[in-house]
**Student:** 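The structure under discussion is supplied below as structure tokens; questions concerning it will follow.
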Amino acid sequence: MKIKSELSKIIENALNSADIKADEIVISDATKPEFGDYQFNGIMKLAKILKQNPRQIATNVVEQVDLTGMISKVEVAGPGFINIWLDNRWLSVQTTAIVNDVRVGVEQVEKPKRVVVDYSGPNMAKQMHVGHLRSSIIGDTLATLLEFLGENVIRQNHIGDWGTQFGMLIAYLEEQNTDGNTQELKDLEQFYKDAKVRFDESEEFANKAREYVVKIQKGDTHCLTLWQSFINASLGHCEEVYKKLNVNLTREDVRAESFYNNQLSKVIETLKEKDISTTSNGAECVFLEGDETPTIVQKGDGGFLYATTDLAALNFRDKELKADRICYVVDARQAQHFKQVFTISKQAGMVAEEVVLEHIAFGTMMDKGGKPFKTRDGGTVKLVDLLDEAVVRATEAIKDRNIHSKEELASMAKAIGIGAVKYADLSISRESNYIFNWDKMLSFEGNTSLYMQYAYARIQSILRKYKAEVTGDILVEDEVEHRLALMLLKFEDTLTKASIEATPHTITSYLYDLVSVFMKFYELNPILRDDIDEVTKISRLQLATLTGNVIEKGLSILGIDVVEKI
RNA sequence: GCGCUUGUGGCUCAAUUGGAUAGAGCAUCAGACUUCGGAUCUGAGGGUUAGAGGUUCGAAUCCUCUCAGGCGUACCA
């Protein structure tokens, strides 16, 4: 239910009836319960333009508001705010209508766009570490969200499979005589370290490594085969992580750095032709207005850089993938880089003017002390280890709670542990750095996944207890039911906002508010008690059912599973 | 040096993009149980939104300066 746009229409009609023109009518949530459910704050701006008393205008508008359906009451308040209350009967009808809807009332967008979401992008030379966590889960949430809303989403996993370090790695791979699928590659981190040791200790090996870099680039079959088997193995590791993390990236979504190799010289040609780049100190550079240093697109030795690859990728995404919007879910530290390549790509016509280019930036993951997240000895934390620890800790947190079978406990711990890690990350506004804290994320209290999962499990418990099938209408009667029903209907507006701004935390805040309201409702309004009449019982059961459905759908967009009991 | 970015109760975070008395959660204190799952709910205290100016009906949000942190900054990605 698009509540805000419905309200906008009603207010627009009222404005028209009062002979006032307004270009955009923005309805916001009321800041306090006394101020109703929604408010329209635009009168003050209009008053300035019209040079009239805002309260007078507001009063005129309020008189014209249609009170026959959605709205039960409107009031003028303060300097000219218009406060809006929604009608209980309307809420009853609307919630009843979606209680059995798989989309819980969320419509598909009318005109789907093609949206490229570039996320995860691990480097094949190394094991995935915590640095990849945020991109993977924020990007995946964004992709899932857009898909749910009906957009045509194209996931792109821009893996790093090209560069000098691969010469060393395949030389070592050859020396170890493995096909890439054996034990030696199981711990990529170790493999890299071992290779580096060899590189440093043996001149002969180092030369071979350098030679192999050149050979791969020239298309040498032997070296390419080695390289391919290495990439396969490394990608396999990533896929294990994706599976654990519940991230929907497959091989189909992989479009590696190397994919763009044959397009790089064309990029330079285009830039030269259009006089966008110039040669400076032997390198091919683009000097952008306002930048002190140039964006280098080709090194003095002829080699290309990541700006070049990104330009090729941008071109490909526009020309071949026909994207309308391209989202890069990448660390905030690369802001300048994206600003540069976005500007260049548009100047050079590699990306059409109307295509929306966005850097979906996020902050760094910190430890409790506010320092970048590292292992005790200062190394990078492997993502698999972190996820495994999450499951262990989740098991610890719930094992005394109830008698569960081993299997139940295991699947529950997975949903809870992984959910906790993801939710903690997704629930803060993505651009700020975030502090990683096990105890906090695995708490039943506060804005955590466990609290949502707990609420869901409680709802299922009530529904199980009722035993019969629940059919019938929701009848919104009191204040708390009013708030709950309204929250349930706000789901679509919340998702829309989150999709436009690419802010998953909008969804988590919403879920937390929803669950809080539900808990209050549940406390105040008994559902199954004997003295509750059947009509009320059914209405409340349906509210509980719908709440459960929304929690489930909301969490699933975040890539988090619910559990039937905890 | 230049550029980008951040600064909100003791701690972790919000604030619908310029709206009403800045909201939550932890933690602290005080309440509610013969519990539809109390790992819950109710309430209290705690703020000059880093500081100083400015813009206007109205500022955490926009502008200027200061202070403090983070990040980036010519051939890594």
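Labels below follow one simple rule: chain letters A, B, ... track the order of the sequence lines, proteins then strands, and each chain is numbered from 1. Values reported hereafter were calculated over all heavy atoms of this structure, with side chains retained and with hydrogens, waters and symmetry mates removed. Not measured: the values here are computed from a predicted model.
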**Student:** What integer distance in Å separates A:Q334:CD from B:C71:C1'?
**Tutor:** 12 Å
**Student:** Of all of residues 356-368 of chain A, which get a heavy atom below 4.0 angstrom from RNA chain B, listed by number?
**Tutor:** none
**Student:** Distance between the P atoms of B:U12 and B:A50, in whole angstroms?
**Tutor:** 15 Å
**Student:** Is A:Y522 stacked on the base of B:U40 when the test is centres under 5.5 angstrom and planes under 30 degrees?
**Tutor:** no
**Student:** Compare the minimum distances between each of B:U40, B:A74, B:A20 and the side chain of A:F81, then state the nucleotide with the smallest one.
**Tutor:** B:A20
**Student:** When you compare B:C13 with B:G54, how far apart are their P atoms, in angstrom units rounded to a whole number?
**Tutor:** 33 Å
**Student:** OP1 or OP2 of B:C41 versus the side-chain N and O atoms of A:Y451: is any pair under 4.0 Å?
**Tutor:** yes
**Student:** Work out which heavy atom in A:T448 is nearest to a heavy atom in A:S443; give both atom names and the distance.
**Tutor:** OG1-O, 2.7 Å
**Student:** For atom C1', what is the distance between B:G19 and B:A27, given to the nearest Å?
**Tutor:** 32 Å
**Student:** Consider only side-chain N and O atoms of A:S277 and A:E284, and report whether a donor and an acceptor are under 3.5 Å apart.
**Tutor:** yes
**Student:** Select one nucleotide: of B:A27, B:U73, B:C36, the one nearest the side-chain heavy atoms of A:T293.
**Tutor:** B:U73
**Student:** Please determine whether a side-chain nitrogen or oxygen atom of A:S461 lies at a distance below 4.0 Å from atom OP1 or OP2 of B:C36.
**Tutor:** no
**Student:** When you compare B:G25 with B:G43, how far apart are their C1' atoms, in angstrom units rounded to a whole number?
**Tutor:** 16 Å
**Student:** Look at atom NZ of A:K126 and say whether more than 12 heavy atoms of other residues, nucleotides or ligands are closer to it than 6.0 Å.
**Tutor:** no
**Student:** Between B:U40 and A:E445, counting only base atoms on the nucleotide and side-chain atoms on the residue, is there a donor-acceptor pair under 3.5 Å?
**Tutor:** no
**Student:** Can you check whether A:T343 reaches A:V286 side chain to side chain, under 4.5 Å on heavy atoms?
**Tutor:** no
**Student:** I'd like the C1' distance from B:A59 over to B:U21, given in whole Å.
**Tutor:** 15 Å
**Student:** Is it the case that A:E481 and A:N525 place a side-chain donor and acceptor less than 3.5 Å from each other?
**Tutor:** yes
**Student:** When you get a sec, tell me which of B:U16, B:G25, B:A77 is the closest nucleotide to the side chain of A:Y512?
**Tutor:** B:G25
**Student:** State whether A:K45 places a side-chain N or O below 4.0 Å from either non-bridging phosphate oxygen (OP1 or OP2) of B:G58.
**Tutor:** no
**Student:** State whether A:Y434 and A:K440 meet the cation-pi test: NZ (Lys) or CZ (Arg) under 6.0 Å from the six-membered ring centroid, and within 45° of the perpendicular axis.
**Tutor:** no
**Student:** Compute the centroid of each ring, for A:F338 and then for A:Y328, and state whether the two points are separated by less than 6.0 Å.
**Tutor:** yes
**Student:** Which value, in whole Å, describes the distance between the C1' atoms of nucleotides B:U16 and B:C76?
**Tutor:** 41 Å
**Student:** What form does the base of B:U40 take, syn (within 90° of 0) or anti?
**Tutor:** anti
**Student:** With rounding to whole Å, what would you report as the distance between B:U5 and B:G10 at their C1' atoms?
**Tutor:** 26 Å
**Student:** For A:S432 and B:A14, is the shortest distance between a side-chain N/O and OP1 or OP2 below 4.0 Å?
**Tutor:** yes
**Student:** Touch check for A:D530, heavy atoms < 4.0 angstrom, all strands: base, sugar-phosphate only, or nothing?
**Tutor:** nothing
**Student:** Quick one: label A:T506 by what it contacts on the DNA or RNA (base, sugar-phosphate, nothing), any heavy atom closer than 4.0 Å.
**Tutor:** nothing
**Student:** CG of A:L450 versus C1' of B:C26: gap in Å, rounded?
**Tutor:** 15 Å
**Student:** Which sits closer to the 5' end of RNA chain B, A:G160 or A:H505, going by the nucleotide each is nearest to?
**Tutor:** A:H505
**Student:** Using the C1' atoms only, state how far B:G47 lies from B:A60, rounded to an integer number of Å.
**Tutor:** 11 Å
**Student:** Nearest whole Å is fine: how far is B:C13 C1' from A:F436 CZ?
**Tutor:** 17 Å
**Student:** Out of B:A74, B:U40, B:C36, which has the shortest distance to the side chain of A:E523?
**Tutor:** B:U40
**Student:** Determine whether any donor atom in the side chain of A:K520 lies under 3.5 Å from an acceptor atom in the base of B:U42, or the reverse, and answer yes or no.
**Tutor:** no
**Student:** Under 3.5 Å, is there any donor-acceptor pair linking the side chain of A:K48 to the base of B:U56?
**Tutor:** no
**Student:** Which base sits across from B:C71 as a Watson-Crick or G-U pair, both distances under 3.5 Å?
**Tutor:** B:G3
**Student:** Measure NZ/A:K51 against P/B:C57 and give the value in whole Å, please.
**Tutor:** 12 Å
**Student:** With nearest nucleotides of RNA chain B determined for A:D301 and A:R333 from heavy-atom distances, which residue corresponds to the more 5′ nucleotide?
**Tutor:** A:R333
**Student:** Scan A:A335 against the nucleic acid and name what it touches under 4.0 Å (heavy atoms): base, sugar-phosphate only, or nothing.
**Tutor:** nothing
**Student:** Which listed nucleotide (B:A74, B:G23, B:G19) is nearest to the side chain of A:M44?
**Tutor:** B:G19
**Student:** Quick one: label A:Y466 by what it contacts on the DNA or RNA (base, sugar-phosphate, nothing), any heavy atom closer than 4.0 Å.
**Tutor:** nothing
**Student:** Strictly by modelled atom types, are A:D310 and A:Y260 linked by a side-chain donor-acceptor pair under 3.5 Å?
**Tutor:** no
**Student:** Roughly how many Å is it from NZ in A:K440 to C1' in B:A14, rounded to a whole number?
**Tutor:** 12 Å
**Student:** Determine which nucleotide pairs with B:C11, using a 3.5 Å limit on both distances of a Watson-Crick or G-U wobble pair.
**Tutor:** B:G25
**Student:** Please test A:D29 against A:K490 for salt bridge (charged side-chain N to carboxylate O under 4.0 Å, His left out), starting from the C-alpha separation and ending with a verdict.
**Tutor:** CA-CA 10 Å; A:D29 291 4; A:K490 277 184 181 179; 3.5 Å; yes
**Student:** Starting at CD of A:E431 and ending at P of B:U6, how long is that distance when rounded to a whole Å?
**Tutor:** 7 Å
**Student:** Mark yes or no for a side-chain to base donor-acceptor pair under 3.5 Å between A:S509 and B:A24, with no hydrogen or angle criteria applied.
**Tutor:** no
**Student:** Take atom NE2 of A:H132 and atom P of B:A77, then tell me their distance rounded to the nearest Å.
**Tutor:** 15 Å
**Student:** Decide yes or no, distance alone: a donor-acceptor N/O pair under 3.5 angstrom between the base of B:G1 and the side-chain of A:E292.
**Tutor:** yes
**Student:** From the options B:C36, B:A20, B:U40, select the nucleotide whose nearest atom is closest to the side chain of A:R458.
**Tutor:** B:U40
**Student:** With a 3.5 Å cut-off and heavy atoms only, can you find an N or O donor on one side and an acceptor on the other between the side chain of A:D513 and the base of B:A14?
**Tutor:** no
**Student:** Select base, sugar-phosphate, or nothing to describe what A:E284 touches, counting heavy atoms under 4.0 Å on all strands.
**Tutor:** nothing
**Student:** Using both distances under 3.5 Å as the test, list the Watson-Crick or G-U wobble partner of B:A30, or none.
**Tutor:** B:U42
**Student:** Which value, rounded to the nearest 0.5 Å, describes the distance between A:H132 atom NE2 and A:T380 atom OG1?
**Tutor:** 9.5 Å
**Student:** Side chain of A:I428, heavy atoms from C-beta onward: which of B:A14, B:U16, B:G18 has the nearest atom to it?
**Tutor:** B:A14
**Student:** Is A:I527 touching bases, backbone alone, or none of the nucleic acid, heavy atoms closer than 4.0 Å?
**Tutor:** base
**Student:** Whole Å only: how far is the OH atom of A:Y510 from the P atom of B:C13?
**Tutor:** 25 Å
**Student:** Taking the side chain as every heavy atom from C-beta outward, state whether A:I527 and A:I532 have any atom pair closer than 4.5 Å.
**Tutor:** no
**Student:** Inspect the contact between A:K9 and A:E12 and indicate whether a charged nitrogen and a carboxylate oxygen are less than 4.0 angstrom apart.
**Tutor:** no
